Each structure stands twice: as structure tokens, then as C-alpha cells.
*Asks:* 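Can you read through this structure? Questions will come right after.
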Amino acid sequence: MVVLLVMAYTLLDHMSLWRWGALSLPVCVMVAAVCFWFVESPCMRAGYWLTRRRYLKPELAG
């Protein structure tokens, strides 16, 4: 939503609605991919690292 609002505020006066609409989908996908690789993925790796077991509990050994 933020990407669409920024694009609408900056580009809608300079190009037609159809061209802006066609440009908005690829830009949103690119921003989402960049956010995934630089924000989501490192946070997921940090979560896995923080929640891993550092030792085997005796009751789980069976």
C-alpha cells in the first residue's frame, strides 16, 4: 500500500492512469522481493538461531 501511495503521489500527475497502473504491479513485486531478501529472510534466520536447542534435554533423549 505504501508503494502504491508514493507512486500515486509522485507519478499520477506526469503520466496517464493506464500507464501508472501497468507500472505499479512490477514495482510492487520488486519492492516486495527486496524487502523479503533484506528484511524477512535475515529475521527468519535469526529466529531459527535464537530458538535452536543448544543441548539435548534428558527427557527428550527417550
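What you are looking at is a predicted structure, and each value in this text was computed from that prediction instead of being measured.
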*Asks:* Roughly how far apart are R45 CZ and E40 CD, rounded to 0.5 Å?
*Replies:* 12.0 Å
*Asks:* Using 0.5 Å steps for rounding, measure from the SG atom of C43 to the CZ atom of F38.
*Replies:* 13.5 Å
*Asks:* Can you tell if the side chain of M44 reaches within under 4.5 Å of the side chain of W49, non-hydrogen atoms only?
*Replies:* no
*Asks:* Could you go through L11 and R19, starting from their C-alpha distance and side-chain angles, then the distance that decides it, and tell me whether this counts as side chain to side chain contact (heavy atoms under 4.5 Å, CB included)?
*Replies:* CA-CA 10 Å; L11 296 177; R19 207 176 334 165; over 6 Å; no
*Asks:* What distance do L17 atom CG and S24 atom OG have between them, rounded to the nearest 0.5 Å?
*Replies:* 9.0 Å
*Asks:* The criterion is side chain to side chain contact (heavy atoms under 4.5 Å, CB included); which residues satisfy it with L5, sequence neighbours excluded?
*Replies:* M1
*Asks:* On a heavy-atom basis, which atom in A8 and which in W20 lie closest, and how many Å separate them?
*Replies:* N-NE1, 3.5 Å
*Asks:* To the nearest 0.5 Å, what is the distance between CG (L12) and CE (M7)?
*Replies:* 9.5 Å
*Asks:* V3, L23: one ILVMFWY side-chain cluster at the under-4.5 Å cut-off?
*Replies:* yes
